[in-house]
Amino acid sequence: METAEIARRFLSFFEKNGHTVVPSASLIAEDPTLLLVPAGMVPFKPYFLGQRTPPFETATSVQKCIRTKDIEEVGKTSRHATFFQMLGNFSFGAYFKEQAIPLAWELVTTPVADGGFGIDPERLWVTVYLDDDEAAAIWRDKVGVRPERIQRMGMEENYWSMGVPGPCGPCSEIFYDRGPEYGVEGGPEADENRYIEIWNLVFMQYERGEGGDKSGFPILGDLPKKNIDTGLGLERLAAVLQGVDNIYETDIIGRVLHRAAELAGVRYGDDHGQDVLLRVVADHVRSAVMLVGDGVKPGNEKAGYVLRRILRRSIRNMRLLSGTDTAYMHDLTAVSIDAMKDIYPDLADKADVIHGVIDTEEAGFADTLRSGTTLFTRAAERTRHAGGTVFSGSDAFQLHDTYGFPIDLTLEMAAEQGLTVDETAFRELMQRQKDTAKADAKAKKLGNADVSLYAQLLEGAGATDFLGYTDVLSESAVRGIVVGGVSSPAAREGEKVEIVLDRTPFYAESGGQLADTGTLTVEGRAVVDVEDVQKPLPGLFVHRGTVRAGEIAVDDTVHAAIDTGRRHAIERSHSATHLIHSALRNALGPSAGQAGSENSPGRLRFDFTADNALGESRLSEVEEEVNTVLSGDIAVRTEEKTLDEALKMGALAMFGEKYGDRVRVVEMSDYSVELCGGTHVPSTARLGIVKLLGESSTGSGVRRVEALVGVDAFRRLSKESALVGRISEQLKSPREELPERIDSVVSRLRAAEKEIERLRAAQVLQAAGSIAERARRHGPALVVAEQAPEGAGGDELRALAADVRGRLGEAEPAVVALTAVPKDRPVVVIAVNKAAQKAGIKAGDLVGVAARALGGGGGGKPDIAQGGGTDASKVDEALRAVEARVAGA
Ligand code: SER
């Protein structure tokens with residue numbers, strides 16, 4: 001049975017049983033405790049918790065899900081996927097175990113001809129939670145499952161929650177027996193590879209608190225109602241019903257798998273290692289398609305990082321499989337979109353965008369690999385030069401952090417060079433970075449309060465009325481106060497506080513526009529300085545700040561006033577951003593999509609997708625166009641429209657951004673038309689002047705321009721002009737001639753440096769003749785072992801040793817050992833002639849002897865080798881050790 005047909009049957013079965021069919025929510029979770037949706041119940045969480053009243057009593061859905069916790073297992077087991085679809089039926093207090101269990105059994109066992117999945121009951125086993133006698137009795141008495149087929153399991157397996165505070169409850173799972181060839185008899189208790197879980201029925205009736213992930217958390221109490229949440233893995237069931245060994249070989253995922261094998265020129269099934277790589281590609285490409293389809297862009301954090309990691313793993317696997325660095329993602333993406341568009345028809349419309357994002361990331365990763373490889377090679381050389389064999393954790397971290405090198409790539413490349421990697425140090429640095437990022441995010445965005453607290457505030461106070469499009473002042477009522485993460489009736493002088501008002505002129509940070517700052521004043525009693533405003537939940541404005549004086553309490557009336565100077569400077573930046581966006585699209589074409597922005601007072605940052613750098617000349621064209629347009633004094637108009645109307649009039653929407661039915665359209669004649677919730681200047685002439693500060697890259701395929709606006713731009717220009725004046729004086733050259741003048745000074749300086757370098761090398765080499773004369777016999781060979789003249793570095797040392805060796809000829813074995821101490825670290829070079837090598841004397845061995853004496857290591861070829869150490873006082877000892885070793889040879 002095809003995957004799409006399984007999904008159709010599931011929905012129609014529950015629809016026939018009175019459930020409302022609810023379309024899949026986006027993979028990007030609305031729940032602030034999650035990055036991406038990991039389960040079918042996520043969109044319904046507020047209904048389970050009783051925070052919202054559901055519009056239906058029962059529902060059914062096929063929900064797109066992403067889980068990456070077990071990403072390392074993908075391809076190795078038969079059933080781990082990063083993207084999967086969860087079929088579910090949900091009851092919000094309407095029915096409970098007595099109905100949910102028989103319904104599930106009916107659908108699974110009804111013959112295919114009658115609309116079911118037609119699974120032989122003899123293949124099925126079930127589990128229930130330890131003390132759930134009720135569920136066990138329903139399976140036994142109502143459904144007729146034999147008692148020995150009902151197993152009891154503990155909290156880890158049969159108690160479900162989202163892993164964080166929220167709804168939870170005991171569960172009961174249905175397992176399919178794949179047969180004796182997959183493992184031992186004895187049910188799911190005995191073997192989870194032979195008996196695979198297909199359906200999880202959760203009896204959602206409690207609320208859990210903080211604690212362990214899967215067990216050991218406290219139960220806080222009953223949910224308002226007894227609910228049902230079930231989850232049936234679509235891909236797993238497809239594997240069962242299609243009679244294939246694993247989910248990667250099912251109809252949909254299998255198409256990418258086979259295409260990947262074809263492209264890489266390998267055969268699936270020939271080699272286990274290769275098969276795993278292919279399955280990872282098949283799974284990951286599909287996940288990437290679905291993530292991009294829902295608006296995720298590759299990035300270095302959050303969902304963007306999940307996507308980037310998945311894509312990079314696929315690209316790298318294709319490189320390993322094919323042995324080439326050909327770009328295969330476009331082809332594989334097309335196959336995956338085609339395979340999935342039956343279930344998600346919108347993928348076909350988004351195909352161009354999806355390809356754009358994935359192709360750009362692939363090209364960017366190729367650049368990453370190139371530049372990262374240079375850094376890697378340098379770090380590896382440094383390691384060996386210092387005589388080490390361990391690639392440092394900080395180099396591995398830099399590769400990861402700056403170049404996006406996955407650690408396994410660094411490990412592999414290091415191994416190829418005979419080096420190990422200090423993984424402990426690497427992991428420590430990663431952890432430190434994570435902790436900092438977490439602390440930052442928490443401190444900045446969410447304050448200290450738990451999300452459930454914000455949900456309560458929103459429920460109690462209702463959505464905040466935003467007045468800031470027209471007003472900068474308001475009389476408002478205090479609806480909620482949070483101090484130290486808990487709801488509080490009042491806050492006193494000096495306290496950090498979060499305040500919810502019924503209405504506010506304060507703009508909350510969103511759409512790239514920074515929040516307003518200002519004050520909340522309770523007449524004659526208190527003043528609060530507002531430092532930031534966030535919307536932790538849609539519609540809820542939280543004013544964060546400090547009580548400067550007095551005491552503020554819930555139900556107080558406050559005079560809210562924003563800092564208007566700052567707001568106007570932010571508005572200038574925001575309007576300038578729209579103009580820059582249009583000018584960039586005019587210069588680069590419509591593919592220059594907005595990828596993020598930040599509008600702060602007098603300054604802005606705009607990120608956009610582009611394959612290549614814009615370059616100086618196009619950048620100044622963009623700048624000139626923006627300044628010409630703005631001087632036309634165009635009125636900035638804002639209007640509310642339906643999303644459809646807005647898109648029809650060509651308004652630019654940010655891909656992947658979520659919009660409601662009514663949207664705000666910001667127009668600057670027809671030069672710029674964008675959907676935007678931000679605040680703007682009344683007319684473009686207010687911007688005065690916009691100065692671009694240049695462009696940079698923020699990661700694969702995303703470029704960033706920064707700009708100053710208005711008086712900030714003027715100050716910058718004025719400062720630069722003064723700077724040029726000073727340089728012109730210093731170089732005694734008119735302004736216009738400065739570039740040529742600087743060129744000539746720099747090239748003369750370079751030539752002089754080269755000359756010094758040449759003279760120094762010549763001086764060192766001059767010593768070669770006299771050094772060769774000091775060669776003395778030690779056992780079978782002539783040996784010269786001494787410190788090189790002052791000023792020699794590693795390179796000169798090699799050249800000098802080779803020169804001396806040449807002077808000693810080939811008439812008899814000869815060994816040259818020279819040391820130098822550049823920058824306090826001793827270096828040794830050994831050169832031996834052919835006659836010596838024939839006599840079994842190898843430079844590589846001798847350098848080991850010397851370097852050990854110096855407290856380090858080294859190596860090289862039999863004719864010339866280099867090493868180093870840490871103890872400069874041991875140089876003589878090292879040289880004598882070399883003589884002794886030759887004497888004994
Ligand atoms: N929420 C449960 C799960 O994810 C059942 O839908 O397994």
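FYI, the numbering just counts along the sequence from 1. Quick note: numbers below take in every heavy atom, side chains included, and nothing from hydrogens, waters or symmetry partners.
- We find the OG-CD distance between Ser26 and Gln63 to be 8.5 Å, quoted to the nearest 0.5 Å.
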Run Arg8 and Glu5 through salt bridge (charged side-chain N to carboxylate O under 4.0 Å, His left out) and show every step you take. CA-CA 5 Å; Arg8 271 193 290 272; Glu5 174 60 18; 3.4 Å; yes

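- Looking at Ile119 and Leu237, their side chains come closer than 4.5 Å, going by heavy atoms from C-beta outward.
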Before you tell me yes or no, could you show the steps for Glu72 and Arg313 under salt bridge (charged side-chain N to carboxylate O under 4.0 Å, His left out), namely the whole-Å CA-CA distance, both residues' side-chain angles and the distance that decides it to 0.1 Å? CA-CA 11 Å; Glu72 299 296 339; Arg313 280 170 56 103; 3.8 Å; yes

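- Residues Arg309 and Ile71 have side chains in contact (heavy-atom distance under 4.5 Å, counting atoms from C-beta outward).
- Side-chain contact between Met340 and Val289 is absent, with no heavy-atom pair separated by less than 4.5 Å.
- Thr333 places no side-chain N or O within donor-acceptor distance of the main-chain N or O of His355, the cut-off being under 3.5 Å.
- Arg149 is listed as a side-chain neighbour of Glu122, based on a closest heavy-atom distance under 4.5 Å.
- Of all heavy-atom pairs spanning Leu130 and Gly154, the tightest one is CG-CA, 3.8 Å.
- The minimum heavy-atom distance linking Ala303 with Leu35 is given by the pair N-CD1, 3.9 Å.
- Using a 4.5 Å heavy-atom threshold, the side chains of Asp31 and Lys45 count as touching.
- Looking at Arg152 and Asn158, their side chains never bring a donor and an acceptor atom within 3.5 Å of each other.
- Put simply, the side chain of Asp294 gets close to the backbone of Leu27: a donor and an acceptor are under 3.5 Å apart.
- Between the CD atom in Glu249 and the CD atom in Gln242 there is a gap of 10.5 Å [rounded to 0.5 Å].
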Checking Arg194 against Asp177 for the side chain to side chain contact (heavy atoms under 4.5 Å, CB included) test, could you report, in this order, the C-alpha distance in whole Å, the side-chain angles of both residues, the deciding distance, and whether it holds? CA-CA 6 Å; Arg194 168 168 172 177; Asp177 178 3; 2.8 Å; yes

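- Asn200 contributes atom CG, which lies 11.5 Å from atom CD of Glu157 (distance to the nearest 0.5 angstrom).
- Note: Phe14 and His19 have perpendicular aromatic rings, judged against thresholds of 30 and 60 degrees for the angle between ring planes.
- Note on Asp133 versus Arg140: no salt bridge recorded, every NZ/NE/NH1/NH2 to OD/OE distance being 4.0 Å or above.
- Between Phe48 and Phe92, a ring centre-to-centre spacing shorter than 6.0 Å is recorded.
- Ala260 and Val281 make their closest contact through CB-CG1, 4.0 Å (heavy atoms, listed as atom of the first residue, atom of the second, distance).
- Distance check: Ile247 CD1 to Thr77 OG1 gives 7.0 Å after rounding to the nearest 0.5 Å.
- Between Arg259 and Glu262, at least one side-chain nitrogen of the basic residue sits less than 4.0 Å from a carboxylate oxygen of the acidic one, meeting the salt-bridge criterion.
- To the nearest 0.5 Å, the span separating CD on Glu362 from CE on Met318 amounts to 9.0 Å.
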Begin with the C-alpha distance, continue with both residues' side-chain angles, and end with the deciding distance and a verdict on salt bridge (charged side-chain N to carboxylate O under 4.0 Å, His left out) for Glu361 and Lys297. CA-CA 9 Å; Glu361 179 69 6; Lys297 291 249 169 51; over 6 Å; no

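- Residues Asp245 and Tyr182 bring a donor and an acceptor atom of their side chains to less than 3.5 Å of each other.
- The closest side-chain heavy-atom distance from Ser91 to Phe96 is not below 4.5 Å.
- Screening Tyr47, Phe44, Phe56 for a ring-ring contact (aromatic ring centres under 6.0 Å, His included) with Phe90, the sole residue that qualifies is Phe44.
- A 4.5 Å side-chain heavy-atom check between Asn317 and His284 finds every atom pair outside the cut-off.
- Note on Glu192 versus Arg79: salt bridge recorded, some NZ/NE/NH1/NH2 to OD/OE distance being below 4.0 Å.
- Rounded to the nearest 0.5 Å, atoms CD1 (Ile138) and NZ (Lys97) are 6.5 Å apart.
- Residues Leu49 and Glu207 are in side-chain contact: their nearest non-hydrogen atoms beyond the backbone lie under 4.5 Å apart.
- Side-chain contact annotation: Gln151 with Tyr195, donor-acceptor N/O pair under 3.5 Å absent.
- Residue Met86 comes nearest to Gly40 through the heavy atom pair SD-N, 3.2 Å, listed as atom of the first residue, atom of the second, then distance.
- Taking the six-membered ring where the residue is Trp, the centroids of Trp199 and Phe117 are separated by 6.0 Å or more.
- For the side chain to side chain donor-acceptor pair (under 3.5 Å) test with Tyr95, the passing option among Asn89, Asn227, Thr58, Asn17 is Asn89; the others fail.
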